[in-house]
Every structure is written in structure tokens, then in C-alpha cells.
Novice: 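Got a structure for you, questions after.
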Amino acid sequence: MRSADDPIRVGVLGARGRMGAEVCRAVDAAPDMKVVAAVDVGDPKSELLSAEVLVDFTHPDAVLDNVRFAVDNGIQCVVGTSGFDSAKLATVTGWLEHKPEVGVLVAPNFAIGAVLSMRFAELAAPYYESAEIIELHHARKVDAPSGTASHTARLIAAARAQAGLGKAPDATTVEVDGARGALVDDVRVHSIRLSGLVAHQEVLFGGSGETLTIRHDSLDRNSFMPGVLLAVRSILGRAGLLVGLDKLMDL
Ligand SMILES: NC(=O)C1=CN([C@@H]2O[C@H](COP(=O)(O)OP(=O)(O)OC[C@H]3O[C@@H](n4cnc5c(N)ncnc54)[C@H](OP(=O)(O)O)[C@@H]3O)[C@@H](O)[C@H]2O)C=CC1
Ligand SMILES: O=C(O)C1=N[C@H](C(=O)O)C[C@H](O)C1
């Protein structure tokens with residue numbers, strides 16, 4: 001049992017990756033937490049058992065096994081890895097039914113500006129007949145569309161449905177495959193992969209005689225760290241599945 005003065009014991013999964021390495025630095029620099037295990041491919045997960053909170057930035061194909069490990073072992077879990085659709089979230093919810101004391105946060109994006117921009121998009125969605133998303137990332141990203149764009153699309157779709165809006169107007173009948181992007185809950189998402197970028201998103205709304213563009217840019221991976229540290233602190237004492245850092249921000 002940790003006393004209030006003891007640092008929070010954090011285990012990092014994907015610790016040698018771009019985000020995992022940044023998380024290890026940020027946690028060790030924070031006065032109230034420390035890294036007790038830094039695990040990547042090939043390392044035994046048993047090293048993580050002394051942690052109170054696991055932070056996962058691995059791969060969409062690996063993350064569910066890691067969350068299962070956390071839940072089975074009664075360890076709180078903060079997940080940044082992308083690729084969570086409703087089926088994966090339902091799987092985690094099922095595991096948590098057997099471990100009701102465990103808390104899991106799945107956050108599509110930990111940058112405060114990205115969280116705010118998703119909320120702004122949700123607020124704007126009922127007022128515009130058209131909505132499309134452009135997400136722009138570094139060329140080493142393995143998944144498309146980004147988790148942030150998929151989550152944003154789902155938020156917009158839910159807000160449109162609630163407002164009674166139908167499909168966005170689109171007269172396209174002749175199309176080169178992929179030219180109109182991917183459809184996520186009927187919202188078009190266009191993915192750019194470009195060397196030099198980190199993580200960027202534009203949400204475009206169009207209506208009568210006006211457009212609104214909500215843009216967020218992560219220019220450095222340190223932009224995600226205040227959100228990750230907030231999540232590590234806040235997940236202690238929480239139970240169940242939370243989706244989105246906004247759930248810890250009173251938005
Ligand atoms: N929510 C957010 O705010 C953010 C989320 N992300 C997401 O985080 C994830 C990681 O991104 P990024 O750091 O750029 O990717 P990287 O590829 O740089 O890092 C992932 C690391 O995880 C390792 N890994 C893969 N599988 C496992 C496993 N089963 N156990 C332990 N380690 C494993 C990889 O090893 P190897 O290379 O050998 O496969 C690699 O070292 C992505 O899904 C990305 O979309 C990224 C930025 C912000
Ligand atoms: O891979 C990345 O880099 C990022 N992944 C997350 C996503 O898929 O949305 C978050 C952020 O966009 C950076």
C-alpha cells in the first residue's frame with residue numbers, strides 16, 4: 001500500500017517507442033510518480049506487476065492483450081494506443097465486469113488542444129450540413145485513419161443524429177477509388193502521411209455562405225505529456241472504462 005507521500009508506481013508498455021520513451025522521461029521528471037518498469041517487445045510482462053498504473057503506447061494489434069494483463073492483475077491502466085473501435089471497447093467492458101474495482105482510460109489524444117478541439121467539433125456539428133475531417137501525421141504512423149479522427153467523426157455523427165441531420169450533401173458519382181476519403185459513421189476522413197509532420201487535424205464544417213475550420217497541431221510529442229500525467233494521477237481510485245481525456249477534465 002502506498003502512502004500519500006510515495007510516488008505513483010508507473011509501468012510503461014512500448015517504452016522504447018516514440019511515445020513510450022517520452023512518457024518514461026515525463027514520468028521520471030514528475031515529482032509525484034516514478035517509472036518502475038519500462039517494457040517493450042521481448043521483455044517479460046511480469047516486470048510490470050509492481051506498478052499501480054500501466055501506460056500503454058504500443059500497437060493497435062498488441063494493446064488489447066496489454067489491457068487484459070492490467071485488468072487481470074488489478075492494475076489501473078491508461079491507454080494511448082490507437083485502433084479502439086466499439087467492439088474493442090466492449091471487450092474491455094466485458095473484462096471489467098469481472099474486475100469492477102479496476103479503472104481503464106482509453107484516450108484517443110492526450111494533447112489538451114486536441115481534446116478541446118474534439119469538444120468544439122461536437123458543439124459545432126449540429127449547426128452545419130457538411131462536415132469532413134483531414135488528419136495529417138508523420139509517415140511512420142501504421143494506422144489510418146488516426147484514432148483521433150475516428151473518435152472525432154463518431155462524436156460529430158452522434159451530434160448530427162441528435163440534431164436530426166441526415167447525410168451531408170455530396171453529388172459525387174464519378175470517383176477514383178479513395179478520392180473522397182474513408183467513411184467513419186458517415187463522416188468523411190482524409191488521411192495525409194508526410195515526413196516532417198507530428199500530429200495535426202482539421203475539422204471542416206460548411207453551411208449556408210460560411211465555413212468553420214477547427215485545427216489542432218501537435219508540433220512535438222511533449223504536447224501529449226501533461227495529459228498523460230493528468231491521466232496517471234486521475235485514474236487512481238477510478239473504476240470502470242473511461243473513453244477520452246475530457247472525462248477527467250470536467251469539460
Ligand atoms: N493518444 C495519444 O495522445 C497518442 C497516441 N499515439 C498512439 O500510440 C501508439 C504508439 O505510437 P508511437 O509511439 O508513435 O509508435 P512506436 O512504433 O514508436 O512505438 C511503439 C512501441 O511499442 C512496441 N511494442 C509493440 N508491441 C508491443 C507489445 N506487445 N508490448 C510492448 N511493446 C510493444 C514497439 O516495438 P517494435 O517497434 O519492435 O514493434 C515500439 O517500440 C500508436 O497507436 C499511436 O497512434 C501516439 C501519439 C499520441
Ligand atoms: O500515431 C501518432 O502519432 C498519433 N496517434 C494518435 C491517433 O491515432 O490519433 C494520436 C495523435 O494523433 C498522434
Side-chain angles (χ1 to χ4, degrees), residues 11-26 35 37-48 51 54-70 77-85 88 104-118 121 133-155 182 184 189-203 215-232 235 242-249:
V12 180
L13 280 144
R16 291 193 286 276
R18 287 177 288 272
M19 283 296 291
E22 191 78 38
V23 170
C24 289
R25 282 190 288 276
V35 175
V39 165
D40 206 285
V41 168
D43 301 328
K45 277 192 194 156
S46 55
E47 290 178 17
L48 298 162
L54 297 189
V55 178
D56 187 291
F57 284 96
T58 56
H59 188 285
D61 294 341
V63 61
L64 267 190
D65 277 352
N66 296 337
V67 175
R68 173 114 220 207
F69 175 88
C77 193
V78 169
V79 181
T81 305
S82 49
F84 270 85
D85 55 14
K88 282 188 180 175
V104 175
L105 169 74
V106 175
N109 201 308
F110 283 98
I112 303 301
V115 177
L116 289 172
S117 71
M118 285 188 267
I133 298 172
I134 305 172
E135 55 96 342
L136 310 92
H137 281 82
H138 59 96
R140 292 165 77 186
K141 183 164 177 58
V142 295
D143 56 318
S146 70
T148 307
S150 297
H151 189 65
T152 309
R154 288 193 280 265
L155 293 175
V184 179
V189 182
H190 310 267
S191 297
I192 313 288
R193 295 292 175 264
L194 205 69
S195 297
L197 295 179
V198 178
H200 318 257
Q201 177 164 290
E202 281 187 10
V203 186
R215 179 169 176 121
H216 176 259
D217 296 276
S218 272
L219 306 171
D220 189 295
R221 289 185 178 80
N222 63 19
S223 62
F224 303 112
M225 294 306 117
V228 172
L229 299 186
L230 168 71
V232 168
I235 199 69
L242 300 168
V243 180
L245 189 67
D246 53 307
K247 303 292 186 312
L248 303 176
M249 286 170 63

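Sequence positions, counted from 1, serve as the residue numbers for this chain. Whatever order the structure lists ligands and atoms in, that order sets their numbers, starting from 1. Hydrogens, waters and symmetry mates play no part in the numbers below; they use all other heavy atoms, side chains included.
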Novice: Say whether, by atom type as modelled, one donor and one acceptor occur between the side chain of Ser223 and the main chain of Ala111 under 3.5 angstrom.
Specialist: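 Flag not set: sc Ser223 to bb Ala111 has no pair under 3.5 Å.
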
Novice: Given side-chain hydrogen bond (donor to acceptor under 3.5 Å, both in side chains), test Thr152 with Gln201 step by step and report yes or no.
Specialist: CA-CA 10 Å; Thr152 309; Gln201 177 164 290; 3.0 Å; yes

Novice: Give the contacting part of Ser82 toward ligand 2: side chain, backbone, both or neither, where contact means a heavy-atom distance below 4.0 Å.
Specialist: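 Answer for Ser82: side chain.
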
Novice: Tell me, which protein residue and heavy-atom name are nearest atom 5 (N) of ligand 2, and how many Å apart are they?
Specialist: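 Heavy-atom neighbour on the protein nearest atom 5 (N) of ligand 2: Lys141 NZ, 3.2 Å.
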
Novice: For atom 42 (C) of ligand 1, which candidate among Ala111, Ser82, Gly14, Gly17 provides the closest heavy atom?
Specialist: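 The option holding the nearest heavy atom is Ser82.
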
Novice: For Ala149, is at least one N or O under 3.5 Å away from an N or O on ligand 2?
Specialist: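 N/O-N/O distance below 3.5 Å does not exist for this pair.
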
Novice: Measure the distance from atom 20 (C) of ligand 1 to every protein heavy atom, then report the residue, atom name and distance (to 0.1 Å) of the closest one.
Specialist: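 Going by distance alone, atom 20 (C) of ligand 1 is nearest to Thr58 O, 3.4 Å.
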
Novice: Checking contacts here: is it the side chain or the backbone of Thr148 that comes within 4.0 Å of ligand 2, counting heavy atoms only? Could be both or neither.
Specialist: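 The answer is both, backbone and side chain.
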
Novice: N/O to N/O below 3.5 Å, does that happen between Arg221 and ligand 2?
Specialist: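 N/O-N/O distance under 3.5 Å: no.
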
Novice: Indicate, as side chain, backbone, both or neither, the part of Phe224 found under 4.0 angstrom from ligand 1 when only non-hydrogen atoms are considered.
Specialist: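 Side chain only.
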
Novice: Are any of the side-chain heavy atoms of Ser150 and Asp85 separated by less than 4.5 Å?
Specialist: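 With C-beta onward as the side chain, the pair stays apart.
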
Novice: Below 4.5 Å, heavy atoms only, C-beta onward: do Leu13 and Phe69 meet side chain to side chain?
Specialist: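 Answer no - side chains too far apart.
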
Novice: Considering only heavy atoms of His137, which atoms of ligand 2 have at least one such atom less than 4.0 Å away?
Specialist: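 Result: 2 (C), 3 (O), 4 (C), 11 (C), 12 (O), 13 (C).
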
Novice: Can you tell me how far NE2 of His200 sits from OG of Ser218, rounded to the nearest 0.5 angstrom?
Specialist: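 Reported value, rounded in 0.5 Å steps: 7.5 Å.
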
Novice: So which of Val106, Val39, Asp40 gets nearest to atom 35 (O) of ligand 1, if we judge by its closest heavy atom?
Specialist: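 Considering heavy atoms of Val106, Val39, Asp40, the nearest to atom 35 (O) of ligand 1 sits in Asp40.
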
Novice: Tell me which protein heavy atom sits closest to atom 3 (O) of ligand 1, plus the residue, atom name and distance to 0.1 Å.
Specialist: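 Checking every protein heavy atom, the shortest distance to atom 3 (O) of ligand 1 gives Phe110 N, 2.8 Å.
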
Novice: Quick one: pull up CG in Leu136 and CZ in Arg215 and give me the separation to the nearest 0.5 Å.
Specialist: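 Leu136 atom CG to Arg215 atom CZ measures 6.0 Å (nearest 0.5 Å).
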
Novice: With the side chain counted from C-beta on, respond yes when Val243 and His151 share a heavy-atom pair under 4.5 Å apart, and no when they do not.
Specialist: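 When only atoms from C-beta onward are counted, His151 and Val243 do touch, with a gap below 4.5 Å.
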
Novice: Any chance you could measure His59, atom NE2, to Asp65, atom CG, to the nearest 0.5 Å?
Specialist: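 Atom-to-atom, His59:NE2 and Asp65:CG are 13.0 Å apart.
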
Novice: Minimum distance, heavy atoms only, to atom 36 (P) of ligand 1: which one of Asn109, Val41, Thr81, Asp61 is it?
Specialist: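 Among Asn109, Val41, Thr81, Asp61, the closest heavy atom to atom 36 (P) of ligand 1 belongs to Val41.
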
Novice: Please state which option from Arg18, His151, His137 has its nearest heavy atom closest to atom 12 (P) of ligand 1.
Specialist: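 That would be Arg18.
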
Novice: So, 4.0 Å and heavy atoms of Lys141: is ligand 1 close enough to count as a contact?
Specialist: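 In this structure, Lys141 qualifies as a contact of ligand 1 - some heavy atom is under 4.0 Å.
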
Novice: I need the Ser146 OG to His137 NE2 distance, nearest 0.5 Å.
Specialist: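 Between Ser146 OG and His137 NE2, I get 4.5 Å after rounding to 0.5 Å.
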
Novice: Any side-chain heavy atom of Val67 sitting closer than 4.5 Å to one from Val79?
Specialist: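 Side-chain contact under 4.5 Å: yes.
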
Novice: Quick check for you: to the nearest 0.5 Å, what is the distance between Lys88 atom NZ and Leu64 atom CG?
Specialist: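 Answer for the NZ-CG pair, Lys88 versus Leu64, is 5.5 Å.
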
Novice: If you have a sec, work out which protein heavy atom is nearest atom 3 (O) of ligand 2 and how many Å separate them, to one decimal?
Specialist: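 Minimum-distance protein heavy atom for atom 3 (O) of ligand 2 reads His138 NE2, 2.9 Å.
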
Novice: Taking non-hydrogen atoms only, is Arg18 closer than 4.0 angstrom to ligand 2 via side chain, backbone, both or neither?
Specialist: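 Contact part for Arg18 vs ligand 2: neither.
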
Novice: To which protein heavy atom is atom 7 (C) of ligand 2 closest, and what is the distance rounded to 0.1 Å?
Specialist: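 Closest protein heavy atom to atom 7 (C) of ligand 2: Gly147 N, 3.4 Å.
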
Novice: Could you tell me, atom by atom, which parts of ligand 2 come under 4.0 Å of a heavy atom of Asn109?
Specialist: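 Counting from 1, the qualifying ligand atoms are 10 (C), 11 (C), 12 (O).
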
Novice: I need the Leu105 CG to Leu245 CG distance, nearest 0.5 Å.
Specialist: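 Answer rounded to 0.5 Å: 6.5 Å.
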
Novice: Write out the residue and atom name of the closest protein heavy atom to atom 4 (C) of ligand 1, then the distance separating them to 0.1 Å.
Specialist: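 Answer, as residue, atom name and distance: Phe57 CE2, 3.6 Å.
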
Novice: Flag the pair Phe224 / Glu22 as yes when at least one side-chain heavy-atom distance between them is below 4.5 Å, and no otherwise.
Specialist: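 In short, these two side chains do not touch, never coming nearer than 4.5 Å.
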
Novice: For ligand 2, indicate whether the residue Met19 contacts it via side chain, backbone, both or neither (heavy-atom separation under 4.0 Å).
Specialist: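 Answer for Met19: neither.
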
Novice: Indicate whether any N or O donor in one side chain lies under 3.5 Å from an N or O acceptor in the other, for Thr148 and Glu135.
Specialist: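 Result is no, nothing qualifies.
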
Novice: So, Asp217 side chain and Leu219 main chain: donor-acceptor pair closer than 3.5 Å or not?
Specialist: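 Here the side-chain-to-backbone pair does not exist.
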
Novice: Relative to ligand 1, is Pro108 under 4.0 angstrom through side chain, backbone, both or neither, heavy atoms considered?
Specialist: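 The answer is the backbone of Pro108.
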
Novice: Nearest heavy atom to atom 6 (C) of ligand 2: which of Pro108, Ala199, Ala111 does it belong to?
Specialist: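 Residue with the shortest heavy-atom distance to the ligand atom: Pro108.
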
Novice: Got a protein heavy atom sitting under 4.0 Å from atom 32 (N) of ligand 1?
Specialist: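 Given the 4.0 Å limit, the answer for atom 32 (N) of ligand 1 is yes, a protein heavy atom qualifies.
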
Novice: Counting distance only, does the side-chain N/O of Arg221 pair as donor-acceptor with the main-chain N or O of Val23 below 3.5 Å?
Specialist: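 No, because the side chain of Arg221 does not come within donor-acceptor range (under 3.5 Å) of the backbone of Val23.
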
Novice: Which ligand 2 atoms does Ser146 reach within 4.0 Å, using its non-hydrogen atoms?
Specialist: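 Within the 4.0 Å cut-off of Ser146, ligand 2 contributes 7 (C), 8 (O), 9 (O).
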
Novice: Where do Gly20 and Phe57 come nearest, in terms of heavy atoms and distance?
Specialist: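 For Gly20 versus Phe57, the nearest heavy atoms are N-CB, 4.2 Å.
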
Novice: Nearest protein heavy atom to atom 6 (N) of ligand 1, by residue and atom, and its distance?
Specialist: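 Residue, atom and distance for the closest contact: Gly80 O, 3.8 Å.
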
Novice: Starting from atom 28 (C) of ligand 1, locate the nearest protein heavy atom and write down its residue, its atom name and how far away it is, to 0.1 Å.
Specialist: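 Going atom by atom, the protein heavy atom closest to atom 28 (C) of ligand 1 ends up being Ala62 CB, 4.0 Å.
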
Novice: Which of the numbered atoms in ligand 1 are under 4.0 angstrom from any heavy atom belonging to Met19?
Specialist: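 Taking each heavy atom of Met19 in turn, ligand 1 has 13 (O), 46 (C), 47 (C), 48 (C) under 4.0 Å.
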
Novice: Run the numbers for me: atoms of ligand 1, each under 4.0 Å from some heavy atom of Arg16, listed by number.
Specialist: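 So the answer, numbered in order with elements, is 41 (O).
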
Novice: Has Ala107 got any heavy atom lying under 4.0 angstrom from an atom of ligand 1?
Specialist: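 Ala107 counts as a contact of ligand 1 under the 4.0 Å cut-off.
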
